[in-house]
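The structure is given below, and queries will be raised subsequently.
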Amino acid sequence: MGHRNKQAGEKCGRLHGHTYDVVCEFKFFKMTNGVTMLFSDIDKITEPIIKEYDHYFLLKEDDPLVELLTLAGEKYKTVPFETSAENMAIWIFNRIKNEGKLPITRIELGETKTSKIIYEE
Ligand SMILES: [Zn+2]
């Protein structure tokens, strides 16, 4: 996903992208026949949320680039916050929790192999 974060300095404020890595943890309280929930059923809920941003350029909704990309006919996504890893981790966590109705307890969102954010409740 491409993005820029104008609040995080000159380097992060430039247009650039990452191959984000997302790991989610869940806490289930019931099992049926030794299974809480099939991984494939978790994937059916979480993947559309996470992949919604795949190969898109993500902008804060008031970024001036929104107008330029619209004029250029480019596809993009907007969010109501700066596109920092921290904000993205919390955003995805809450979407999985609220829209997906899954008992997510922790998310790791990495911009690189060595730079990641952990958010947990
Ligand atoms: Zn970045």
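Whatever order the structure lists ligands and atoms in, that order sets their numbers, starting from 1.
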Pairs flagged by ring-ring contact (aromatic ring centres under 6.0 Å, His included) wherever residues 60-83 is involved - sequence neighbours left out: F81-W91
Contacts of the Zn ion (ligand 1) with protein N/O/S atoms, counting only those under 2.8 Å: H3 NE2, H16 NE2, H18 NE2
Nonpolar side-chain network containing V35, other nodes, edges under 4.5 Å: L38
Which atom pair, heavy atoms only, marks the closest approach of I50 to V22? CD1-CG1, 3.9 Å
Review item, side-chain donor-acceptor pairs of residues 114-121, under 3.5 Å, at least two apart:
from : atom 1 : to   : atom 2 : distance (Å)
S115 : OG     : T112 : OG1    : 3.3
K116 : NZ     : E108 : OE1    : 3.0
Y119 : OH     : E121 : OE2    : 3.3
E120 : OE1    : R106 : NE     : 3.3
E121 : OE1    : K97  : NZ     : 2.8

Using 30° and 60° as the class limits, which term best fits the ring planes of Y20 and H3: parallel, tilted or perpendicular? perpendicular
Minimal non-hydrogen separation, F26 against I96, with atom names: CE2-CG2, 3.9 Å
